**Q** 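Submitted below is the structure of interest, expressed as C-alpha cells.
Just so you know, these numbers come straight off a predicted model, no measurement behind them. Proteins come first, then strands; the chains are lettered A, B, ... in the order of their sequence lines, and each starts at number 1.
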Protein chains: 2
Amino acid sequence: MAEARATLLVIEDDAEIRRFLRSALAAEGYKVVESANAHRGLVDAASHKPDLAIVDLGLPDFDGLQVIRGIRGWSPMPIVVLSARAREHAKIEALDAGADDYVTKPFGVGELLARIRVALRHRARSREGVVVLVLGEATVDLEARKVTRRGKDIHLTPIEYRLLACLAAHLGMVVTHRQLLTEVWGPTHQADTHYLRIYMKQLRDKLESDPLRPRHFVTETGVGYRLVCDD
Amino acid sequence: MAEARATLLVIEDDAEIRRFLRSALAAEGYKVVESANAHRGLVDAASHKPDLAIVDLGLPDFDGLQVIRGIRGWSPMPIVVLSARAREHAKIEALDAGADDYVTKPFGVGELLARIRVALRHRARSREGVVVLVLGEATVDLEARKVTRRGKDIHLTPIEYRLLACLAAHLGMVVTHRQLLTEVWGPTHQADTHYLRIYMKQLRDKLESDPLRPRHFVTETGVGYRLVCDD
DNA sequence: TTGCGGCGTAAAAATGCCGTTAGGAATCGC
DNA sequence: GCGATTCCTAACGGCATTTTTACGCCGCAA
C-alpha cells in the first residue's frame, strides 16, 4: 500500500536488476526514476529531487561512495545502498559516508521495501521546519496553508483551518473543548461546544478516508479532540 | 570515535552478548544501560530516556516486537534490532513495527557501530521534559493524555483519567478515599467510596499486567489507594 | 460458626454528550 | 444588487460514560 506517491531514484547499472526494482517499486505505488550510471544518477538526483535514492555501489563510471557524498553535499534525502559487497568494511564506509541503510545482494524484495519505508518514515519526521502533516491520504502544509487529498487541493474555510491548526499545534495530544473554542471563536464562546461538533465533521468529511470512522480526528468524549498523525 | 556521550539501552537476555556489547559500546564512549528482559527493558527505556535502544528479538518474557511497539507508543527514539532470526518476514515485521534497523547475528561490531551512528545521526529529538509514568508494560503520558500498553493505545474515560492523575500527583503515597472523591467527583460525593472500587477496577483492568494481582494500583484497606511506579 | 464491614466484580439502567442533518442568516465577491 | 459561500441555529437519534443496583469473597470478631 502506497504512501502519497513518493518518488524513488534507482541508480543501478545492471539492466535486469533495474527492471526488477522498477516493477517491484511501482507495484507499491512509488514513482520510479532510473539512472544507469553514477554521473547520470547525480544529475537525476538534483533534477528530479526524489524522496529517496537507491544506490548500487558497483557502478561503471565511478564509485558509488562518491554518489553518496555527492548527494549528501546538498541534500539530506535518504540513501539506501544496494551492493554485492558484503565485506564489513564496505558497509561501514558507505554508512559513514552518509548512506542510511545498506542491503547486500541477493536481497529479499520485502526487506528492501520495508527498509525503504523506514527511510521514508525518517524523512517525514526530520523535516521539522516545513510542517507537513500526513493524515492517511491527505496532507496538510501548515505554513503554506495548503491541504491536499489524493493529490487534489482541498479548500478549507477560515474556521476549519484555524481549528485544524489548533489541533496540529498540539499534535497527538488532547486539546480541550475550552482551548479549541477560545483559540478559534474567542473567549466569549467557551460554552458553544456544538460548534466544534459541526466543524469537526466538516474536517473529517474533507480529510478522513472514512469520515464515519475517523482515524485522525479522534474525539475524547467529555474532554476534547486529538489529532493523530501517522509517520 | 564517540558522539557526545550518548546513552544507549541494551535489551538482551544473553549475558555474554551483553557483556560483549557493553565493552564495545563503552569503548566508543557511549554510556550503556542494560536490561535482561523485555519487561525491564520497557521500564528502563522510559526511566533512563536513552538516545537509542538496541533490542534483541528473542527475549524470554515476551516478544521483542512488543518492546518495539511499547517504546514507539511514546517515544521516537531510534531502535536497532539485534536478532538471530534471519528470515525475511521477521525483519519486515520488526521494521514495520517501528524499528529503525535490523542486524542479524552473528554480526560485525564495526557494522553495528556504523549503524548506530546512522541511527543517532538522524535521531529526531524527542519532546523535552515529557512526564511519562511507567507501570509495568503500560506507559502514561499525563500531559498528552496518552496511555499505551504493549504498544497499543488505551482509551481512558474522563473519570478514569482524573482518578489516575490524582493518584499520580501523589506518586507512591497513599491517597485517602476522601481526597480522591473530592478531587474526582467533587466535595459532595465524599461518601461514595463505592465509585472508587468500580473505577479502580477499570484502571487495573486496563493498565495492570495481572489485574487480579495489582502491582501498581495498591489498595490500602480502610484508608485509600496508592500508585506505585517502576522507576 | 455466624454476622459484619470493606472490597472486588458484574451487568443493567440512566444520563448526557456526540454525530449528523438540514435550513436559514450573514458575509463576501462580482 | 445578486449569487455563492460561509457561518450559525436547531433538533433528533445513537452511543459512550456514568450511575445505579446487586452479588460473591475474604478477614475478623463475637
**Q** Could you check whether B:Y225 gets within reach of a base, just the sugar-phosphate, or nothing at all, counting any heavy atom under 4.0 Å?
**A** sugar-phosphate
**Q** Please find the pair of heavy atoms, one from B:L65 and one from B:A94, that lie closest to each other, and give the distance.
**A** CD2-CA, 3.6 Å
**Q** Just wondering, are more than 12 heavy atoms of other shown residues or ligands nearer than 6.0 Å to CZ in A:R72?
**A** yes
**Q** Flag the pair B:R22 and B:E34 as a salt bridge only when some basic side-chain nitrogen lies within less than 4.0 angstrom of an acidic carboxylate oxygen.
**A** yes
**Q** Looking only at side-chain N and O atoms, does A:Y199 come under 4.0 Å of OP1 or OP2 in C:dG19?
**A** no
**Q** Any side-chain N or O of A:H189 under 4.0 Å from OP1/OP2 of D:dC8?
**A** no
**Q** Judged by atom type as modelled, is there a donor-acceptor pair below 3.5 Å linking the side chain of A:E28 to the main-chain atoms of A:L25?
**A** no
**Q** May I have the distance from B:E220 (atom CD) to C:dG8 (atom P), rounded to whole angstrom?
**A** 11 Å
**Q** Take atom NZ of B:K206 and atom C1' of D:dA16, then tell me their distance rounded to the nearest Å.
**A** 10 Å
**Q** For nucleotides 20-26 of chain C, which of its nitrogen or oxygen atoms have a protein nitrogen or oxygen under 3.5 Å away, and what is each distance?
**A**
from	atom 1	to	atom 2	distance (Å)
C:dT21	OP2	A:K201	NZ	3.4

**Q** Take atom CZ of A:R226 and atom C1' of C:dC18, then tell me their distance rounded to the nearest Å.
**A** 17 Å
**Q** Atom CG of B:L163 to atom P of D:dT17: distance rounded to whole Å?
**A** 15 Å
**Q** Of all the choices, D:dT6, C:dC18, D:dT17, which nucleotide is nearest to the side chain of A:H177 once you look at every atom?
**A** C:dC18
**Q** Any side-chain N or O of A:Y195 below 4.0 angstrom from OP1/OP2 of D:dT9?
**A** yes
**Q** Can you tell me how far the CG atom of A:L133 sits from the CG atom of A:L142, to the nearest 0.5 Å?
**A** 5.0 Å
**Q** Out of D:dC8, C:dG8, C:dC18, which nucleotide sits closest to the side chain of B:T219?
**A** C:dG8
**Q** Using whole Å, report how far CG of B:L196 lies from P of D:dT19.
**A** 12 Å
**Q** State, with a plain yes or no, whether a side-chain heavy atom of B:M200 is found less than 4.5 Å away from one of B:L167.
**A** yes
**Q** Can you tell me the distance, in whole Å, between the CG atom of B:D192 and the P atom of C:dG8?
**A** 16 Å
**Q** C:dG8 C1' sits how many Å from B:F217 CZ, rounded?
**A** 16 Å
**Q** What's the closest nucleotide to the A:I159 side chain, out of C:dG8, D:dC8, D:dT18?
**A** D:dC8
**Q** Could you tell me how far apart B:L181 (CG) and D:dT19 (P) are, to the nearest whole angstrom?
**A** 11 Å
**Q** Under 4.0 Å between a side-chain N/O of B:T157 and OP1 or OP2 of D:dT18, yes or no?
**A** yes
**Q** Ignoring backbone atoms, test whether A:W185 places a side-chain nitrogen or oxygen under 4.0 Å from the OP1 or OP2 oxygen of D:dC7.
**A** no
**Q** Is the NZ atom of A:K206 crowded by more than 12 outside heavy atoms at less than 6.0 Å?
**A** yes
